[in-house]
Amino acid sequence: MVLKAFFPTCCASADSGLLVGRWVPEQSSAVVLAVVHFPFIPIQVKELLAQVQQASQVGVTVLGTWCHRRQEPEESLGHFLEGLGAIFSHKPWFQLCRERGSKSWSCKATHWQGPTSHAASGEDQVMLIFYDQRKVLLSQLHPPAVLPDRQAGDTTASAGGLAAVFDTVARSEALFQSDRFDEGPVRLSHWQSEGVEASILVELAKWAAGPVCLLLACLLSLVSAASACRVFKLWPLSFIWSKLSTCEQLRHRLEQLTLIFSTRKAKNPAQLMRKANMLVSVLLDVALGLMLLSWLHRKDLIGQLADALIPVADHVAKELQHLLQWLMGAPAGLKMNRALDQVLGRFFLYHIHLWISYIHLMSPFIERILWHVGLSACLGLTVALSILSDIIALLTFHIYCFYVYGARLYCLKIHGLSSLWRLFRGKKWNVLRQRVDSCSYDLDQLFIGTLLFTILVFLLPTTALYYLVFTLLRLLVVTVQGLIHLLVDLINSLPLYSLGLRLCRPYRLAAGVKFRVLEHETGRPLRLLMQVSIACILPCSSKGLREPG
Amino acid sequence: MEDEQSFSDIYGGRLALQRRCYSPSCLEFCLSCPRITLRSLTAVTCTVWLAAYGLFTLCENSMILSAAIFITLLGLLGYLHFVKIDHETLLIIDSLGIQMTSSYASGKESTTFIEMGEVKDVVINEAIYMKVIYYLCILLKDPVEPHGISQVVPLFQSAKPRLDCLIEVYRSCQDILAHQRATSTSP
């Protein structure tokens, strides 16, 4: 196999020194993690590497030498570098060299056979692959650590070629703790050598998260225990809770909050992403709810809404009355059965009258109720929207009742019609065998059956029309409620954290790698640049080529 | 070393195959598709604008004309950015993997990289697409079954070259794959 050397881009301008990293024999690749600068004491370098190996379980060793000079190295330096090869024995021993200020690199890999001449050792072709340490560390393309008692170098055969590289870099955090400017015995150069990169806010948040999570988890467990008590499971209350969408939404939010503030850490990046998404959506929800609350209070909209509610309800009732008067006349030119028409029409008109009286009875309390509902927006915009949907359901309860009456009547009529139609043809429904059988009826049975059939057939248009009208009204109400629920579901389930990551830190959502061939001169090793390619949200993305043909 | 050859695709359009050999273990093929012609662009634009003008004479609403201009511009931008592929590149690196890049006319590039450990073979397949055509594809190994194939990834899907071009690419790929198999350490 061609020998590969993964070299970090941050070390390309570092001073000469030793290459430190890990050798992956299955892929014939050497992953360089850092450069140790001159002067150094070999014993201390070996101690540091042993410490790092113990801390991170990555087999970090000295891989070779790195030379960054103005011109080609002189003979004395060449012998010195070979001498180093005898102290830190490693097969194969890499010698990377770069002329300062130019793009020409040279790389030799020798298999050290002992203090014999070079001619006996083999020199292999080496491919240099540059990678950005910071991006590789932060992208999560390495397989997650499965077992805590894994040995270094274990199961890398199952981890694919490049995943092993990423794994190495990600697990070597211990090596990146000390940098070039430290006063320690060994001076290293890597991506943190300009100073350890960290954010104060993130560190503070991590430190404060522990006790805060514990406190909130206790509170939430109290709340869920209170809501699970026996009182709420009795029949009328449990029925009402199951019908109201507000309770559903509150229960959902409680579950989400319990998951976010649980004291168990997330096991893998996917779970962490899910927790982060939930947290961001809860925060956005509460923020939007508070904005709504402030907007309502600033313009005193609650008072205006309460004042406008009764006239609106009256207006709706009046429109319904007009509709029923129209149905009781000759709607759309159809001729209705006068008696049935009058009966149904009056029945429904009485219902509307009852409903209006009920609304007028409630009118003094409307403002108070609305004010409390507005306060519930503190819990989130989704809760306010669910309450709105419930209020719409309650206000249009009469339409629901009309729909139920019309549907039941129509259903009865259709059943009667189908059964009498079978009688008309001389057949019967066999309940035992669940099929239609022929049956011989008596003459009087046939006579009465046919009479009833005729009556039902002629009364069909009236019932069908009422059914149609009220079903359409009910459909309208259901559509409005459905739109509100859609909005609530959207706020609940939109992965805002992932979207934000895609915009601000795309390498965290890495989907793979891509390679670019850098300028090539004959006689020099092949140089490639490995970049982390980001996941694309648009459908016509790079995944297009991966679909099976 | 670099060389360029001229081939044709299954519809008769002209394709240019550029082959770059960076080292014995690294090879790049770049297939350029026929460019968008002025004639087709003019034809589409004229059709759209004539239709819009016809609607305008019926409705006397000048918004139709501005809408037609917008639609033409947006449609052209969308076509160049999402549909029209300028060239497709195949980069094979011994013992690392195979990378396919599609460059769109607006400069957008979409890349897919397949590691060598997942590649079983590169073959030329036949397909029936109103007539018999040939396409080059990569067979991926099945992790569960050692002799099975989990996926077939077709190459050069928008360029659609003919068999003579495919044979050139196939021969070079097989050289590198054979070398990789010979020196591979895993079974």
Side-chain angles (χ1 to χ4, degrees), chain A residues 1-6 24-29 124-129 131 141 156-166 510-536 538-549, chain B residues 1 20-28 78 81-83 85 88-102 104 108-118 125 127 135-138 140 143 149-158 176 179-187:
Chain A
M1 260 201 210
V2 180
L3 282 176
K4 303 183 277 274
F6 287 86
V24 184
E26 296 91 13
Q27 313 292 331
S28 292
S29 46
D124 292 324
Q125 217 185 15
V126 182
M127 211 167 11
L128 275 174
I129 303 175
Y131 69 99
L141 283 171
T156 43
S158 61
L162 289 172
V165 172
F166 288 116
V513 290
K514 55 185 180 190
F515 289 87
R516 200 158 61 98
V517 183
L518 300 174
E519 274 178 32
H520 178 66
E521 295 161 40
T522 43
R524 299 281 186 192
L526 181 67
R527 297 181 303 146
L528 299 165
L529 176 67
M530 180 167 87
Q531 293 166 311
V532 173
S533 75
I534 52 187
C536 197
L538 296 169
C540 48
S541 64
S542 57
K543 283 175 91 74
L545 274 176
R546 291 287 306 245
E547 270 148 24
Chain B
M1 71 195 90
R20 262 190 233 122
C21 189
Y22 294 109
S23 87
S25 56
C26 179
L27 208 56
E28 186 178 49
H81 192 71
F82 294 116
V83 177
I85 293 186
E88 289 180 308
T89 314
L90 182 74
L91 177 70
I92 312 174
I93 309 169
D94 189 7
S95 81
L96 203 58
I98 306 184
Q99 171 171 289
M100 293 150 314
T101 312
S102 306
Y104 291 84
K108 176 173 101 156
E109 278 186 6
S110 80
T111 322
T112 315
F113 177 74
I114 304 178
E115 286 188 49
M116 210 42 119
E118 285 176 41
N125 258 350
Y135 64 97
L136 192 68
C137 55
I138 303 179
L140 300 183
I149 296 171
S150 75
Q151 220 181 14
V152 173
V153 180
L155 301 174
F156 300 128
Q157 273 187 303
S158 7
I176 293 193
H179 179 251
Q180 197 263 331
R181 267 190 223 114
T183 56
S184 153
T185 50
S186 52

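To find a chain, count down the sequence lines: A is the first, B the second, and so on, and within it residues start at 1.
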Rounded distance [0.5 Å steps], CG in B:Leu96 versus CG in A:Leu528: 7.0 Å
With rounding to the nearest 0.5 angstrom, report the SG to CZ distance, B:Cys26 to A:Arg527. 13.0 Å
Grab the two heavy atoms, one from [X] and one from [Y], that are nearest each other, plus how far apart they are.
X: A:Lys514; Y: B:Gln99; result: CA-OE1, 3.2 Å
X: A:Val513; Y: B:Phe113; result: O-CB, 3.2 Å
X: B:Ile93; Y: A:Met127; result: CG2-SD, 3.4 Å

Which answer fits A:Val2, side chain, backbone, both or neither, if we ask what part of it has an atom under 4.5 Å from a heavy atom of chain B? both
Region of A:Lys4 in contact with chain B, defined by heavy-atom distances below 4.5 Å: side chain
